[in-house]
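Right, one structure below, let's go through it.
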Amino acid sequence: MTTQNKSEIEKECPAEGLLKLLSGKWKPQIFLLAVNGPLRFNALLREIKGANKQSIATALRELEDFGILDKKVIQLKPLHIEYNLSEKGASLIPVFKQLEVFSQG
């Protein structure tokens, strides 16, 4: 993670740590896209307007480090990497659906 490591976030209020983790640049968009299925790096670059390689790579790494995304190397030619919601990440879907309902008033 960029400014705090995982153990520092866990010492905070759990909700605060999660919100900080998912509030980084492009992370909410990546999470939303991951809900719909596997993600590939270049597809994310095309899908998220204004994103660059470094910011997407950083966001993916942080989401993977925290256990929200799983990284899978596909051994077909050409070799490629897919990111999927982990079990932990999938458990957040109902939370975000409730936030969406709440924000709609």
Side-chain angles (χ1 to χ4, degrees):
M1 304 201 177
T2 54
T3 58
Q4 294 179 316
N5 65 33
K6 186 176 175 181
S7 63
E8 288 174 333
I9 288 178
E10 290 172 347
K11 291 178 186 174
E12 300 171 355
C13 166
E16 182 180 356
L18 178 63
L19 290 172
K20 282 182 181 179
L21 172 77
L22 291 173
S23 66
K25 193 163 192 158
W26 313 123
K27 290 180 197 173
Q29 293 93 329
I30 291 171
F31 181 86
L32 181 63
L33 291 168
V35 168
N36 297 322
L39 303 172
R40 290 175 73 177
F41 188 84
N42 286 333
L44 285 172
L45 282 175
R46 286 189 301 273
E47 193 74 30
I48 301 174
K49 304 298 181 224
N52 61 47
K53 289 180 180 182
Q54 183 178 358
S55 62
I56 293 293
T58 299
L60 286 169
R61 189 175 326 107
E62 290 178 4
L63 289 168
E64 183 186 1
D65 287 347
F66 202 72
I68 304 297
L69 292 179
D70 288 329
K71 179 179 177 179
K72 181 178 179 183
V73 177
I74 308 297
Q75 297 290 335
L76 300 174
K77 296 203 182 200
L79 182 82
H80 62 275
I81 297 172
E82 288 185 349
Y83 295 89
N84 293 286
L85 279 181
S86 66
E87 189 175 319
K88 182 178 180 180
S91 72
L92 294 173
I93 294 171
V95 174
F96 280 90
K97 288 187 187 248
Q98 281 302 115
L99 288 172
E100 184 178 45
V101 169
F102 181 79
S103 69
Q104 293 173 353

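The first residue of the sequence shown is numbered 1, and numbering continues consecutively from there. For clarity, every value in this text was computed on a predicted model and none was experimentally measured.
Under the 3.5 Å distance criterion, the side-chain polar atoms of Ser55 are left unmatched by any main-chain donor or acceptor of Ala51. Side chain of Lys72 to backbone of Asn84: no donor-acceptor contact under 3.5 angstrom is found. A donor-acceptor pair is defined here as one N or O able to donate and one able to accept, closer than 3.5 Å; no such pair exists between the side chain of Lys25 and the backbone of Thr58. At least one donor-acceptor pair closer than 3.5 Å links the side chain of Lys49 to the backbone N or O of Arg46.
Hydrophobic clustering of Ile, Leu, Val, Met, Phe, Trp and Tyr side chains at less than 4.5 Å, counting indirect connections, keeps Leu19 apart from Val95. When hydrophobic clusters are built by joining Ile, Leu, Val, Met, Phe, Trp and Tyr residues whose side-chain heavy atoms come closer than 4.5 Å, directly or via intermediates, Leu92 is grouped together with Val35. The hydrophobic cluster containing Leu76 does not contain Tyr83, counting ILVMFWY residues as joined when their side-chain heavy atoms lie under 4.5 angstrom apart, directly or transitively. Under a hydrophobic-cluster definition in which Ile, Leu, Val, Met, Phe, Trp and Tyr are linked whenever side-chain heavy atoms come within less than 4.5 Å, directly or via other members, Leu99 and Ile30 are assigned to the same cluster.
Between Ala34 and Leu69 the shortest heavy-atom distance is CB-CD2, 3.9 Å. When all heavy atoms are compared, the tightest approach of Leu85 to Ile93 is CD1-CD1, 3.8 Å.
Considering CG of Leu21 and CZ of Phe66, their distance stands at 5.0 Å, rounded to 0.5 Å. With rounding to the nearest 0.5 angstrom, the CD atom of Glu64 is 9.0 Å from the CZ atom of Arg61. Rounding to the nearest 0.5 angstrom, the gap separating the NZ atom in Lys77 from the CG atom in Leu79 is 9.0 Å. Atom CD1 of Ile68 sits about 12.5 Å away from atom CG of Leu60, to the nearest 0.5 Å. With rounding to the nearest 0.5 angstrom, the NZ atom of Lys53 is 7.0 Å from the CZ atom of Phe41. Taking CG of Leu44 as the start and CG of Leu39 as the end, the distance is 5.0 Å to the nearest 0.5 Å.
Annotation: side chain of Leu22 is in contact with side chain of Phe96 (closest heavy-atom distance under 4.5 Å). In this structure, Phe31 and Leu63 have side chains that are not in contact, with every pair of non-hydrogen atoms separated by 4.5 Å or more. Taking the side chain as every heavy atom from C-beta outward, Ile74 and Ile81 never approach each other to under 4.5 Å.
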